[in-house]
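Read through the structure below, which is laid out as structure tokens, and then see the notes.
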Protein chains: 2
Amino acid sequence: MASQRTVAADAFARKQVSRTGRPASSPRMGLPAQPSPLRPSSLPLDTVLVGDCIAAMNALPASSVDCVFADPPYNLQLGDAGLLRPDQSRVDAVDDDWDKFASFPSYDAFTREWLAAARRVMKPNATLWVIGSYHNIFRVGSALQDLGYWILNDIVWRKANPMPNFRGKRFTNAHETLIWASRSAESKGYTFHYDALKGGNEDLQMRSDWFIPLCTGDERLKDDEGRKVHPTQKPEALLARTLLAATNPGDVVLDPFFGTGTTGAVAKRLGRRFIGIERDPGYAAAARERIAGIETLSQASLLVAPTKRAEPRVPFLSVIEAGHVRAGETLTDERGRFRATVRPDGQLDNGLVIGSIHKIGALVQGLPACNGWTFWHTERNGRKTCIDSFRNEIRATMAGA
Amino acid sequence: MASQRTVAADAFARKQVSRTGRPASSPRMGLPAQPSPLRPSSLPLDTVLVGDCIAAMNALPASSVDCVFADPPYNLQLGDAGLLRPDQSRVDAVDDDWDKFASFPSYDAFTREWLAAARRVMKPNATLWVIGSYHNIFRVGSALQDLGYWILNDIVWRKANPMPNFRGKRFTNAHETLIWASRSAESKGYTFHYDALKGGNEDLQMRSDWFIPLCTGDERLKDDEGRKVHPTQKPEALLARTLLAATNPGDVVLDPFFGTGTTGAVAKRLGRRFIGIERDPGYAAAARERIAGIETLSQASLLVAPTKRAEPRVPFLSVIEAGHVRAGETLTDERGRFRATVRPDGQLDNGLVIGSIHKIGALVQGLPACNGWTFWHTERNGRKTCIDSFRNEIRATMAGA
DNA sequence: AGATCACATGAATCACGAT
DNA sequence: TATCGTGATTCATGTGATC
């Protein structure tokens with residue numbers, strides 16, 4: 001039975017942490033390629049906790065996860081009053097419309113509660129993803145703004161094959177919305193693999209509208225009778241893009257509405273760690289079985305290419321010391337409009353002011369700022385060379401050392 | 001002076017309705033093709049009222065308009081420093097006073113007030129459109145749900161040519177969101193021209209994601225010195241699709257944030273009546289002059305504007321997500337001279353450098369540029385397949401999207 | 001006349017580490 | 001915590017000048 005294979009989140013909430021619920025045959029999941037340091041050992045990594053997500057999150061240590069992906073319940077009329085109404089109120093009205101309208105406050109309370117619990121668990125630079133449709137996403141967006149989250153983007157998942165509108169009364173509802181938010185407006189150091197996404201998009205910035213098919217075919221979990229196990233299983237491609245964009249290998253991703261574990265499956269494949277929380281033992285069991293069959297991609301393919309900003313800093317003085325540029329030499333911009341003289345201390349002199357390559361570059365152009373490395377050029381045999389190429393040579397020699 | 005040509009909304013609010021503010025030389029605008037019956041004669045049709053939109057709406061008779069289109073302030077939270085492009089030029093951002101709110105609660109209060117005023121003016125089967133971005137749309141959506149509006153769709157305006165993200169810190173913010181809502185859940189008789197939209201969309205249901213260019217070129221209103229008159233003028237194509245979908249000829253469209261009158265211009269062209277409310281006399285004057293130059297299309301030509309097809313740009317990442325190529329797989333050129341490994345983020349790795357299919361293709365050949373789509377091949381059962389064929393398969397699934 | 005290039009610009013919550 | 005110096009960063013489209 002699924003329930004025998006589960007980790008009880010309530011037990012975890014009482015600090016009686018036990019991972020023995022995971023079947024012994026289950027392999028270790030998602031060995032981290034680059035484990036984050038200082039992670040509390042009490043985190044139930046690569047585990048599916050069964051129980052209420054708010055209690056389970058409140059039992060986790062604060063500031064302990066790098067990313068949250070949440071696919072909360074959308075529909076306010078599911079009749080699952082226990083989940084949607086933390087105040088335990090139950091609406092017996094048969095009138096759907098009244099039910100929906102009356103339940104906004106309780107849905108909002110539930111939303112605020114789980115968003116607050118998630119925020120506590122997030123590291124200062126962690127980010128949160130939430131997916132929803134027009135039924136709930138406005139409630140979610142307002143709540144997370146009210147709680148101090150800082151929205152970075154809203155992302156449109158454009159469905160390749162949406163369900164048509166059968167009655168012809170509306171536009172085909174062909175998309176869902178994801179909100180990507182940092183923990184607060186001050187969280188400037190969040191992870192975003194800008195260059196990787198750009199490189200995977202023909203060297204153009206990745207936009208906020210993503211075209212991805214629904215989860216169908218072999219990817220869709222089915223039971224013995226061929227029925228879908230979960231009504232709203234998300235495509236792995238969607239999760240892959242979010243995790244590639246906003247996490248590093250080894251990062252911990254928390255999913256408080258784990259369902260059948262798409263987040264865990266993708267996290268494991270991409271060398272991330274996961275913590276799943278799921279109320280339904282059947283879903284949790286299906287998720288475990290699914291994730292056990294996933295293999296992590298090779299570490300080499302997961303390595304994050306260093307960004308330009310992360311490369312070692314090279315003083316312009318080093319370029320002179322290395323002999324690429326001589327003191328007393330004249331530098332010009334690419335078109336030869338501006339000139340400055342190289343001083344032996346690594347500063348430039350335009351005849352009036354002495355300063356850094358950046359400062360003098362900005363000055364001669366009358367601009368507030370300038371990247372001197374790409375602005376200034378040397379001339380050798382009538383050919384102009386950007387001084388940034390000398391920096392690259394020095395960096396290459398540093399890499400070998 | 002603009003202020004001499006305006007209709008004072010405050011005066012209208014005091015029931016001292018006067019349309020003499022409209023210059024005598026101004027032609028009658030937007031003669032209705034099929035006037036709706038029972039319209040109160042006191043409606044200031046095809047007029048721009050100047051003043052506070054809430055007061056002006058409260059002065060209109062209840063249940064009198066067929067549609068509302070609203071482009072409220074977005075409550076953008078601008079950094080103090082402003083934003084510089086990579087070439088150090090400054091972005092002409094929205095920093096107008098009308099977009100400044102002290103806090104979310106004050107924005108929410110404003111939003112609730114104008115939404116409530118609009119709802120009173122709406123006929124029982126009228127619908128409301130609101131456009132916004134992630135800065136404000138969640139507040140708006142929550143507020144209108146709270147007020148009893150019934151959301152029919154959220155629509156994504158995918159911008160053909162959005163402003164890039166200059167700092168590489170986020171996804172390109174390439175869309176805005178429209179909410180389409182009826183006055184209440186009981187409003188079952190709202191107008192929706194399903195068949196017309198389908199007919200104008202190659203016999204496919206019109207989806208909730210619309211691909212439309214920004215308002216630029218001749219359509220963009222400019223002052224004598226070539227500067228844009230309004231910072232956020234919307235494209236007429238966007239308004240045209242909303243009005244064609246949700247109104248009939250002769251219907252009255254109310255725009256409480258009229259700006260430079262895109263709603264009025266499109267309404268007149270399509271044979272709808274309009275009521276514009278605008279706080280700024282300068283904008284109102286520009287709107288009047290603009291609308292005066294519009295001619296109503298003949299009845300026969302009131303067809304759905306043909307949908308602009310999205311340039312079906314496909315990221316190489318999508319090819320991996322779709323399973324055509326696996327992360328970790330090796331790609332070669334047609335003759336098998338060069339090799340590179342596919343990364344899960346859609347980049348290639350030739351063992352030394354990580355980059356896009358184009359960049360690595362160029363690199364291995366020592367060429368300045370390369371079309372990676374036609375250069376790289378997979379090998380299956382000894383047969384080589386160009387990765388461009390996978391792109392074509394994905395494009396086939398994008399038909400209609 | 002047509003092609004090419006240089007430049008401008010659009011609702012934007014847009015840096016970061018060392019000292 | 002604040003200040004300061006380095007130096008990273010853009011896509012589609014329209015307009016007007018130049019070849």
Side-chain angles (χ1 to χ4, degrees), chain A residues 145 149-154 181-182 184-190 192 194-195 198 201-208 307-316 335 346-347 355-359 361-362 367-376 387-388 391, chain B residues 71-96 98-99 101 104 131-137 157 159-177 213-220 222 226-228 230-235 257 259 311 313:
Chain A
Q145 286 180 314
Y149 285 99
W150 192 244
I151 297 179
L152 300 169
N153 280 113
D154 58 334
S182 62
S184 81
E186 290 71 44
S187 309
K188 299 288 190 187
Y190 58 86
F192 179 53
Y194 172 80
D195 292 301
K198 187 177 176 181
N201 187 34
E202 300 192 70
D203 290 322
L204 294 173
Q205 290 186 341
M206 188 67 81
R207 296 170 42 122
S208 56
T307 64
K308 212 168 180 184
R309 208 183 280 277
E311 291 185 86
R313 208 183 77 82
V314 176
F316 182 58
R335 290 167 54 187
Q347 295 191 95
S356 71
I357 53 174
H358 314 299
K359 195 171 169 183
L367 290 175
C370 168
N371 182 344
W373 290 108
T374 51
F375 178 73
W376 292 111
I387 60 173
D388 200 33
R391 180 170 66 162
Chain B
D71 183 9
Y74 285 11
N75 192 24
L76 297 183
Q77 311 285 304
L78 307 170
D80 298 331
L83 179 63
L84 294 179
R85 302 169 190 273
D87 66 3
Q88 305 299 326
S89 67
R90 189 166 292 277
V91 174
D92 184 13
V94 177
D95 58 354
D96 306 68
W98 50 255
D99 198 41
F101 292 85
F104 280 131
I131 183 166
S133 67
Y134 66 85
H135 310 85
N136 72 322
I137 199 65
W157 168 28
K159 299 181 182 182
N161 44 350
M163 179 146 46
N165 185 289
F166 295 118
R167 298 289 171 167
K169 296 296 293 178
R170 306 179 179 196
F171 298 95
T172 306
N173 193 3
H175 73 277
E176 293 186 25
T177 301
L214 296 175
C215 178
T216 59
D218 290 341
E219 190 186 324
R220 187 89 196 207
K222 308 263 175 56
R227 291 171 306 203
K228 58 189 177 191
H230 194 280
T232 70
Q233 185 181 339
K234 295 293 175 290
F257 306 97
E311 180 68 21
R313 185 181 294 286

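Chain identifiers are assigned alphabetically (A, B, ...) following the order of the sequence lines, protein sequences preceding nucleic acid strands; residue numbering begins at 1 within each chain.
- Between B:D92 and B:R227 no salt bridge is recorded (no basic side-chain N to carboxylate O distance below 4.0 Å).
- Judged by distance alone, with hydrogens and angles left aside, B:K234 brings a side-chain donor or acceptor within reach of the base of C:dA11, the pair sitting under 3.5 Å.
- Between B:L84 atom CG and C:dC14 atom C1' the separation is 10 Å, expressed in whole Å.
- Map A:K198 and A:P368 each onto its nearest nucleotide of DNA chain D; the residue landing nearer the 5' end is A:P368.
- Comparing A:Q205 and A:F316 against DNA chain D, the residue whose closest nucleotide sits nearer the 5' end is A:F316.
- Distances were taken from every side-chain heavy atom of A:A369 (C-beta onward) to each of D:dA8, C:dA15, D:dT10; the shortest belongs to D:dA8.
- A 4.5 Å side-chain heavy-atom check between A:Q205 and A:Y194 finds at least one atom pair inside the cut-off.
- In this structure, the nucleotide among C:dC14, D:dC11, D:dT9 sitting nearest to the side chain of A:K188 is C:dC14.
- To the nearest angstrom, P of C:dG17 lies 15 Å from CD of A:E311.
- For the C1' atom pair drawn from D:dT10 and C:dT9, the interatomic distance equals 11 Å after rounding to whole Å.
- Between A:W376 atom CH2 and D:dG7 atom P there is a gap of 16 Å when expressed in whole angstrom units.
- Using a 4.0 Å heavy-atom cutoff across all strands shown, A:P315 reaches no nucleic acid atom at all.
- Between B:N161 atom CG and C:dT9 atom P the separation is 15 Å, expressed in whole Å.
- Across all strands, A:K359 comes closer than 4.0 Å to no nucleic acid atom at all (heavy-atom distances).
- Between C:dG10 and C:dC14, the two C1' atoms lie 15 Å apart (nearest whole Å).
- Straight-line distance from the CD atom of A:E186 to the C1' atom of D:dA2: 15 Å, rounded to whole Å.
- When the C1' atom of C:dA11 is taken as reference, atom CG of A:D154 falls 13 Å away, rounded to whole Å.
- Within 4.0 Å (heavy atoms only), B:T216 reaches sugar-phosphate atoms of the nucleic acid but no base atom.
- Consecutive Watson-Crick or G-U pairs involving DNA chain D, each under 3.5 Å on both distances, make up stems of three or more pairs at C:2-10 with D:11-19, C:15-19 with D:2-6.
- The separation between B:M163 atom CE and D:dG14 atom C1' is 16 Å, rounded to whole Å.
- Salt-bridge check for A:D388 with A:R391: passed, with a basic side-chain N closer than 4.0 Å to an acidic carboxylate O.
- Counting any heavy atom pair closer than 4.0 Å across all strands shown, A:R391 reaches sugar-phosphate atoms only and no base atom.
- Across D:dA12, C:dA11, D:dT9, the shortest atom-to-atom separation from the side chain of B:V94 is found for C:dA11.
- No hydrogens or angles were tested; on distance alone, nothing pairs the side chain of A:R309 with the base of C:dG17 as donor and acceptor under 3.5 Å.
- The nucleotide whose nearest atom lies closest to any side-chain atom of B:R85 is, among C:dA12, C:dC16, D:dC11, D:dC11.
- Rounding to whole angstrom units, NZ of residue B:K159 and P of D:dC11 are separated by 16 Å.
- No hydrogens or angles considered: a donor-acceptor pair under 3.5 Å links the side chains of B:H135 and B:S133.
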